[in-house]
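Quantities reported herein were computed from a predicted structural model and do not represent experimental measurements.
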Amino acid sequence: MSAQASKDHPEGQKPPLLVDDHTVTTVRESKILVLLRGLPGSGKSELAKEVEQKYKDSARLFSADQYNVRPAVRSSSGGEYAKLDEDLNSCCERHEANIVILDDTHHDRERLEELFDLANKFQFTVIVLEPKTPWRLDCAQLKDKNHWKLTLEELKNLRPTLEKDILPLYFGWFLAKRDEDNLRKTAHEFLEQLGNLKAFKKRLQAFGREDKHKLDLLKYFAKTPNILHCTTKFCDYGKMPGSEEYAQLEAVRKGYSKAFTLHISALFITPRTAGAQVELTQEQLHVWPSDAEREAMPKDVLPRGSRAHITLGCAADVQDVQTGIDLLEFVKLQQAGREGENMGELLGSKISYYDNGMWMLALPRKKEIKTIFSGYYGKPGVTGPHLGGKKGLLPQCQIV
């Protein structure tokens, strides 16, 4: 990195994916789409090159400048991106890099939505980075710094959409690809074996089935998230009350793009959802909204962080948000001293039944999973691969 870049981005202002060792290791095990965003001359290219250099063995940098895409307020269909998009899609389809970096102004919402769709298609977690240079929004200085020779008026026309942060549909911890694949396999094994359990077959009425008939839980919970994650705050792109305040929290800003190790303590199902219970550390609770549990169950007093979960699958017409509500029903029963009826062992762990189709598998040792704290910026309702996969592809999984 150049001396000027070092000066422009002091160590304390660099994103965790550049300076935090645990994050660097986790990013290398993930699929990440890094979007550099900002006015021409603000320092994006230097930051993009620094990310590329950090992950040079597994990264690919695409610069709009190299494709001669002039920064401007968009008034057409965006045909100027045709060649860039062709190369970008080819890179993703051929799995040429697990860290893809896009250097552009990214001031246009329509263009961003195209990139968010691409991230969904290829299951990339999105990280939006902006330079922290003192002049990043100073059009008078940028007029002399940008190589496109944009006028002061042209820069001012671009600035309004870049003055505010892009808020996601939700913030959360997104699983590293390796750990996500492992958890999907574990979920597959859990659902498959639970469906074959005699005690389960005798209690199918809550699932709308006659007792003693086999229920294929892999098909029942066929709707799964595109990327497994643990949601912290639902923002609805800034429409939800408190979203902007949450995004400005120091812990959220410092934690953005940082790796966190989450701990799964149990797997559970109800007639609506299948999920993994997550136990948060004190550091992780700093980015957990103080009203998350009260928002779901206003009349109950529940421990902060007790709603933390990873949705593994949902029944037809059930939304992902239901998983956290279902988990809180288990927490309420446990708070009342009800631990569930012991139904023996499954995958070497204790399986308990709580009535009304509620089953929980307590893990003898918490399962560690690596994650990246970021946002989901794409369209709602995007689903992922079927938990069942193709026959023979998912190996036996023993929870330890």
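Relative ring orientation between Y377 and F116 is described as parallel, the plane-to-plane angle staying below 30° on a 0-90° scale split at 30° and 60°. Aromatic ring orientation, F122 versus F124: perpendicular (interplanar angle above 60°, classes split at 30° and 60°). Classified by interplanar angle (parallel below 30°, tilted 30° to 60°, perpendicular above 60°), the ring pair W288/W173 is parallel.
Looking only at atom types and distance, the side chain of Q248 has a donor-acceptor partner in the side chain of D165 under 3.5 Å away. Between the side chains of Y376 and N226, not a single donor N or O lies within less than 3.5 Å of an accepting N or O. A donor atom on one side chain and an acceptor atom on the other are found under 3.5 Å apart for D326 and Q322. With hydrogens and angles left out, the side-chain atoms of N196 and K214 include a donor and acceptor closer than 3.5 Å. Counting only N and O atoms by type, the side chains of H229 and S374 include no donor and acceptor under 3.5 Å apart.
A side chain to side chain contact (heavy atoms under 4.5 Å, CB included) with T323 is found for one member of T231, T311, I310 and no other, namely T311.
Taking a cutoff of 4.0 Å between a charged side-chain nitrogen and a carboxylate oxygen, R60 and E96 qualify as a salt bridge. Taking 4.0 Å as the cut-off between side-chain N and carboxylate O, K83 and D87 count as a salt-bridged pair. Between E50 and K54, no side-chain nitrogen of the basic residue sits less than 4.0 Å from a carboxylate oxygen of the acidic one, so the salt-bridge criterion is not met. A salt bridge does not link R253 to E250: none of the charged nitrogens lies less than 4.0 Å from a carboxylate oxygen.
Minimum interatomic distance between I101 and A59 (heavy atoms only, all atoms of both residues): CD1-CB, 4.1 Å. The heavy-atom pair separating T26 from A176 by the smallest distance is CG2-CB, 4.1 Å.
Two residues are said to be in side-chain contact when any heavy atoms from C-beta on lie closer than 4.5 Å; F190 and L217 fail this criterion. The side-chain heavy atoms of V126 and L115, taken from C-beta on, include no pair separated by under 4.5 Å. Residues R272 and I325 form no side-chain contact, since every pair of their non-hydrogen atoms from C-beta on lies 4.5 Å or further apart.
Not counting sequence neighbours, F234 has no partner by the ring pair (Phe, Tyr, Trp, His ring centres under 6.0 Å) test. With sequence neighbours left out, the ring pair (Phe, Tyr, Trp, His ring centres under 6.0 Å) criterion links H309 to no other residue.
Here the straight-line distance linking atom CZ of R203 with atom CH2 of W359 works out to 5.5 Å at 0.5 Å rounding.
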- Go through the steps to decide whether H22 and T261 satisfy the test side-chain hydrogen bond (donor to acceptor under 3.5 Å, both in side chains), and finish with yes or no. CA-CA 9 Å; H22 178 49; T261 298; 3.2 Å; yes
- Query: Is there a ring-ring contact (aromatic ring centres under 6.0 Å, His included) between F200 and F207 once you walk through the steps?
  - Reply: CA-CA 11 Å; F200 179 77; F207 292 83; 5.4 Å; yes
